Student: 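Dumping the structure here so I can ask a few things about it.
Lettering of chains follows the sequences in order, A, B, ..., and the numbering in each one begins at 1. Side chains included, hydrogens not; waters and symmetry mates left out as well; all remaining heavy atoms used. Remember, predicted model here, so these are calculated numbers, not experimental data.
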Protein chains: 2
Amino acid sequence: MSQQRHGNTSGNAGGVPAFPDLPEATIARLPEYLRALHHLSEAGADTVSSEGLAAAAGVNSAKLRKDLSHLGSYGTRGVGYDVTLLIDQIEYILGLDQRRNVALVGLGNLGHALAGYAGFASRGFRIVALFDADHDQVGKRIHGLTVRHVGELGRAVVDEGITIGVIATPPTAAQGVADELVTAGVTSILNFAPCVLSVPAGVDVRKVDLAIELQILSFHEHRKASLTALPGGRTAEEDGENQEAVGS
Amino acid sequence: MSQQRHGNTSGNAGGVPAFPDLPEATIARLPEYLRALHHLSEAGADTVSSEGLAAAAGVNSAKLRKDLSHLGSYGTRGVGYDVTLLIDQIEYILGLDQRRNVALVGLGNLGHALAGYAGFASRGFRIVALFDADHDQVGKRIHGLTVRHVGELGRAVVDEGITIGVIATPPTAAQGVADELVTAGVTSILNFAPCVLSVPAGVDVRKVDLAIELQILSFHEHRKASLTALPGGRTAEEDGENQEAVGS
DNA sequence: CGCGATTTGTGCACGCCTTCACAAGCGCTT
DNA sequence: AAGCGCTTGTGAAGGCGTGCACAAATCGCG
Ligand SMILES: NC(=O)c1ccc[n+]([C@@H]2O[C@H](COP(=O)([O-])OP(=O)(O)OC[C@H]3O[C@@H](n4cnc5c(N)ncnc54)[C@H](O)[C@@H]3O)[C@@H](O)[C@H]2O)c1
Ligand SMILES: NC(=O)c1ccc[n+]([C@@H]2O[C@H](COP(=O)([O-])OP(=O)(O)OC[C@H]3O[C@@H](n4cnc5c(N)ncnc54)[C@H](O)[C@@H]3O)[C@@H](O)[C@H]2O)c1
């Protein structure tokens, strides 16, 4: 949408946007900042301090300032950051100003939930195609979209400008689906199947594995249990700051 | 299950298991190794080399060896690792030998999918209670469990030995649910609502935000697009190694 | 116009994590 | 019993990320 782009620190006056190579850790936090900013914006805030935004996003304020400084200087000393300006800037960096078309493959339990999730559309993504291998699923309409057979995937990806594929099939089928997506030209994949995907260089894969999340929690439970058996249980004080979030 | 525990490097002959404080990064990878090991085990493998297991888990072999060395020496030089021995060891470290009871709060689209997911039970977790605030949901039976009203949460947590809570409510309700879980004694929370939770120290929160995953992919799409516009597009060769996984 | 209050942007130090490279150790073969 | 090939376990180096602490910059007010 708002495609305004403001002076880049390393003043490059060319057509290409001089892409700053942000640290991966920073990129993973930008969406959090963005969500917090939208929240603030809806609450009517014009500006926000690094302290305030950091609290809203659940991070250290120094970290937040360093992250934002990588995008350029969009804050005003003594005042803070302009909320809408920062939103535009982060959305530009994340490429959310151009709506991204997403294909969802595998419409079982999880796929159904994903297809009906409003939180994608509101954050710049549009699921434009649904695919399944099961002929009982094919033809069904889900939230305004018709489930197509996975064989049509290749053509649909090209025709509808799909750049992101979401895999919600059983793990045995995931690699095959990934191959088809890549062949069709998809260069980003979000994989919910608990397995490792092999893809050519240039294709990004992110994996979400809920069981792994639970297992990490289980480890900490185990650790906590074996600690309370030992010395004086520490008094619980101070909140937050022990928030773990996804991200590579 | 198999609770055998083998000589710890720092030989402590006490009742308490001498908990090694593993690096967080290592902990986050152990579940991946575990899945790969189970896969190998089903395929009939008795031993596996660090190279082989690393490939199956999608990581560097040196990293894998260092990770495993933190648990103690369970490999044999010139041979590799004993698959079942390593499985038992990792499961012990992760606390998966004692089945963990999980409460799921919020049975909308996502909650339904989670409730019916077999992948939890097969990996040591058991969803034992479902809660919702909506009276239309309360009373429904989902995969053998009856949805209860969220008001009963406190008692159920205590009665049924629940240590992990999963939040799948809208973000506005998430903090309230988290508070109730914590009050009831839950010390680990997996949060699907896109918001920051504030919890007392000693409580672990892990967050899964699918929109954030897509936004990170979007960034890389944006970056790739602005690169191909520039110099010679690099030739795509060599596969894997650009796999990003969740984990803090 | 000057000053103090406020807040950003960043230099710096520290710790964690990754990766290479290789010595030490194990088993198989002869 | 000795040698050889293979694989683990780890020392060391380098890179990345974090957080402190402070100088620089801006605003509001007298
Ligand atoms: N349900 C959950 O809450 C949950 C949680 C975490 C992970 N997962 C993972 O997500 C994936 C999907 O889970 P689910 O519970 O929805 O499984 P599911 O069995 O309900 O659905 C899988 C769907 O994929 C389709 N499918 C199978 N092979 C296909 C192919 N080659 N091409 C296209 N579609 C194909 C099937 O027809 C089915 O509709 C699994 O890998 C599962 O491990 C699910
Ligand atoms: N559906 C998805 O694929 C998806 C994907 C990513 C994130 N999420 C997030 O997961 C959460 C749930 O998503 P959904 O699509 O299932 O939403 P939903 O609206 O379908 O379901 C929410 C459920 O929570 C219940 N609820 C509301 N307040 C409650 C309370 N105080 N206590 C207990 N239960 C309460 C509601 O009755 C409803 O059944 C949301 O925060 C959403 O942003 C969903």
Student: Mind jotting down which residue pairs meet the salt bridge (charged side-chain N to carboxylate O under 4.0 Å, His left out) criterion with at least one end in residues 34-55 of chain A? Sequence neighbours excluded, please.
Tutor: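 Listed by first then second residue: A/Glu32-A/Arg35.
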Student: Which residues, if any, of residues 47-56 of chain A bring a heavy atom under 4.0 Å of DNA chain C?
Tutor: A/Ser49, A/Ser50
Student: For A/Tyr81, check ring pair (Phe, Tyr, Trp, His ring centres under 6.0 Å) against everything at least two apart and list the hits.
Tutor: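 Not a single residue meets the ring pair (Phe, Tyr, Trp, His ring centres under 6.0 Å) criterion with A/Tyr81.
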Student: Just jot down the side chain to side chain donor-acceptor pair (under 3.5 Å) partners of B/Ser218, sequence neighbours excluded, or say none.
Tutor: A/Arg100
Student: Would you mind building the protein contact string for nucleotides 22-30 of chain D? One character per nucleotide, 5' to 3', B for base within reach (heavy atoms under 4.0 Å), S for sugar-phosphate only, - for untouched.
Tutor: --BBBS---
Student: Atom CG of A/Leu86 and atom P of C/dT8: how far apart are they, to the nearest Å?
Tutor: 11 Å
Student: For each nucleotide in nucleotides 12-17 of chain C, reading 5' to 3', give B when a protein heavy atom comes within less than 4.0 Å of its base, S when such contact involves only the sugar-phosphate, and - otherwise.
Tutor: B----S
Student: B/Phe219: which residues meet the ring pair (Phe, Tyr, Trp, His ring centres under 6.0 Å) condition with it, sequence neighbours left out?
Tutor: A/Phe19
Student: With sequence neighbours left out, what residues match B/Thr183 under side chain to side chain contact (heavy atoms under 4.5 Å, CB included)?
Tutor: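 Partners of B/Thr183 by the side chain to side chain contact (heavy atoms under 4.5 Å, CB included) criterion come out as none, since no residue qualifies.
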Student: Answer whether the closest heavy-atom distance between the side chains of B/Ile87 and B/Ser41 falls below 4.5 Å.
Tutor: yes
Student: Using side chain to side chain donor-acceptor pair (under 3.5 Å) as the criterion, list what pairs up with B/Asp179, not counting sequence neighbours.
Tutor: B/Gln175
Student: Are any of A/Tyr81's side-chain N or O atoms less than 4.0 Å away from OP1 or OP2 of C/dG9?
Tutor: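 So the side-chain polar atoms of A/Tyr81 do come within 4.0 Å of the phosphate oxygens OP1 or OP2 of C/dG9, strictly under.
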Student: When the distance from CG of B/Asp82 to P of C/dC26 is rounded to whole Å, what number comes out?
Tutor: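 Those two atoms, CG and P, are 16 Å apart.
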Student: May I have all residue pairs that pass salt bridge (charged side-chain N to carboxylate O under 4.0 Å, His left out) and include part of residues 63-77 of chain A, sequence neighbours excluded?
Tutor: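 The answer is A/Arg29-A/Asp67.
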Student: Among all residues two or more places apart in sequence or in another chain, which pass the ring pair (Phe, Tyr, Trp, His ring centres under 6.0 Å) test with A/Phe192?
Tutor: none
Student: Is it true that B/Arg223 and A/Asp21 have a side-chain N and a carboxylate O under 4.0 angstrom from each other?
Tutor: no
Student: Hey, does the side chain of A/Asn60 come within less than 4.0 Å of D/dG17's phosphate (OP1/OP2), counting only N and O?
Tutor: no
Student: Please list, chain by chain and in numerical order, all residues satisfying ring pair (Phe, Tyr, Trp, His ring centres under 6.0 Å) with B/Tyr33, sequence neighbours excluded.
Tutor: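 Listed in chain order: nothing, the list is empty.
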Student: If you assign B/Gly75 and A/Asp67 each to the DNA chain D nucleotide with the nearest heavy atom, which residue ends up on the more 5' nucleotide?
Tutor: B/Gly75
Student: How close or far is atom P of D/dC16 from atom NE2 of A/His70, stated in whole angstroms?
Tutor: 11 Å
